[in-house]
Q: 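First the structure, which I've put down as structure tokens, then a few questions once you've had a look.
Counting starts at 1 for both ligands and their atoms, following the listed order. These numbers were taken from a predicted model, which means no experiment stands behind them.
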Amino acid sequence: MLRTQKFEGSIAIVGEEPELPYERPPLSKKYFAGEKEFERIQLRPAKYWDEREVTMLLGERVVSVDPVGHIVTTDDGKAILLRPG
Ligand SMILES: Cc1cc2nc3c(=O)[nH]c(=O)nc-3n(C[C@H](O)[C@H](O)[C@H](O)COP(=O)(O)OP(=O)(O)OC[C@H]3O[C@@H](n4cnc5c(N)ncnc54)[C@H](O)[C@@H]3O)c2cc1C
């Protein structure tokens, strides 16, 4: 939505899980039953995020958010500086 609204700042999604974001309901109903591949329960394929310049920082836990300084810190000590639009 931010890209649709012409937001040109940086966008990153930080997730503790190592996978790209996926739908939970079909996880138990389709994926575990072997009826769908994991790629088919993802919210979007990797290409979608790449094309919109959304950086995926996976397998990282956020421990602090500084909204004024635009800095997110992860549990491995990484400080992510986000560029405002
Ligand atoms: C197997 C399963 C089946 C389900 N089926 C249904 C259904 O049929 N119908 C229904 O209505 N609901 C269902 N649900 C529940 C529904 O999926 C949840 O209500 C929904 O996932 C909640 O969405 P959310 O984005 O708030 O949280 P989540 O989906 O839990 O996503 C939060 C994400 O943030 C990550 N995270 C948390 N803290 C941090 C941090 N500090 N740093 C980095 N990452 C962090 C977590 O690792 C997680 O990936 C199901 C859930 C599961 C697990």
Side-chain angles (χ1 to χ4, degrees):
M1 183 54 73
L2 284 167
R3 291 296 182 226
T4 305
Q5 300 293 319
K6 309 293 181 206
F7 177 75
E8 294 179 350
S10 54
I11 303 176
I13 296 179
V14 186
E16 195 173 9
E17 296 182 66
E19 296 84 12
L20 287 174
Y22 57 90
E23 301 276 3
R24 302 305 198 237
L27 180 71
S28 51
K29 296 164 189 70
K30 299 286 181 184
Y31 176 70
F32 289 153
E35 294 174 18
K36 273 193 178 177
E37 299 293 318
F38 186 75
E39 288 67 28
R40 295 202 48 221
I41 69 167
Q42 289 175 340
L43 295 187
R44 304 286 186 197
K47 188 171 166 243
Y48 175 93
W49 308 111
D50 289 345
E51 287 173 353
R52 287 155 183 81
E53 296 184 61
V54 176
T55 304
M56 285 291 172
L57 299 169
L58 304 176
E60 305 204 33
R61 180 174 180 77
V62 170
V63 291
S64 73
V65 176
D66 173 0
V68 176
H70 301 282
I71 297 172
V72 169
T73 310
T74 61
D75 58 353
D76 63 0
K78 185 185 294 172
I80 303 160
L81 176 62
L82 297 172
R83 176 171 45 87

Q: Kindly state if atom 49 (O) of ligand 1 has a protein heavy atom within a strict 4.0 Å cut-off, that is, under 4.0 Å?
A: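 Under the 4.0 Å cut-off, atom 49 (O) of ligand 1 does have protein heavy-atom neighbours.
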Q: Which heavy atom in R44 sits nearest to a heavy atom in W49, and how many Å separate them?
A: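 In this case the closest contact between R44 and W49 is O-NE1, 3.5 Å.
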Q: When you compare ligand 1 with K29, is there at least one nitrogen or oxygen pair between them that comes in under 3.5 angstrom?
A: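 It does: an N or O of K29 is found under 3.5 Å from an N or O of ligand 1.
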Q: Quick check on the hydrophobic clustering: are V14 and V63 connected, directly or via other members, by side-chain heavy-atom contacts under 4.5 Å?
A: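 No, no single cluster joins them.
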Q: To which protein heavy atom is atom 39 (C) of ligand 1 closest, and what is the distance rounded to 0.1 Å?
A: R61 NH1, 4.1 Å
Q: Is there side-chain contact between T74 and L57, with heavy atoms separated by less than 4.5 Å?
A: no
Q: Within the structure, does at least one protein heavy atom fall under 4.0 Å of atom 27 (O) of ligand 1?
A: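 It does not: no protein heavy atom is found less than 4.0 Å away from atom 27 (O) of ligand 1.
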Q: Are L58 and Y48 linked, directly or through other ILVMFWY residues, by side chains that come within less than 4.5 angstrom of each other?
A: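 Yes, one cluster joins them.
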Q: What protein heavy atom sits nearest atom 21 (O) of ligand 1, and how far off is it?
A: R24 CG, 3.1 Å
Q: Would atom 18 (C) of ligand 1 count as contacted, meaning some protein heavy atom under 4.0 Å?
A: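 Protein heavy atoms within 4.0 Å of atom 18 (C) of ligand 1 - there are none.
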Q: Could R40 and F38 be counted as a cation-pi pair, given that NZ or CZ must be under 6.0 Å from the ring centre and within 45° of the axis?
A: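 Pair R40/F38 does not count as cation-pi.
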Q: Evaluate V62 for polar contact with ligand 1, using N/O atom pairs at a separation under 3.5 Å.
A: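 Yes, at least one N or O pair falls under 3.5 Å.
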Q: Any protein heavy atom under 4.0 Å from atom 23 (O) of ligand 1?
A: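 So atom 23 (O) of ligand 1 lacks protein heavy-atom neighbours under 4.0 Å.
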Q: Which atom pair, heavy atoms only, marks the closest approach of L20 to P45?
A: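 Taking every non-hydrogen atom into account, CD1-C, 4.4 Å.
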Q: Any atom of ligand 1 sitting under 4.0 Å from a heavy atom of E23?
A: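 The answer is no: ligand 1 sits nowhere under 4.0 Å from a heavy atom of E23.
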Q: Determine whether P21 and M56 make a side-chain contact, defined as any pair of heavy atoms from C-beta on separated by less than 4.5 Å.
A: yes
Q: Quick one: which ligand 1 atoms are inside 4.0 Å of a heavy atom on E17?
A: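 Answer for ligand 1: 47 (O), 48 (C), 49 (O).
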Q: Note the single closest protein heavy atom to atom 37 (C) of ligand 1, along with its residue, its atom name and the distance in Å.
A: E16 OE1, 4.6 Å
Q: Just need the protein heavy atom nearest to atom 6 (C) of ligand 1, so name the residue and atom and give the distance.
A: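 The answer is P25 CG, 3.5 Å.
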Q: Taking C-beta and beyond as the side chain, do K78 and T73 meet within less than 4.5 Å on heavy atoms?
A: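 SC-SC contact between K78 and T73 ruled out.
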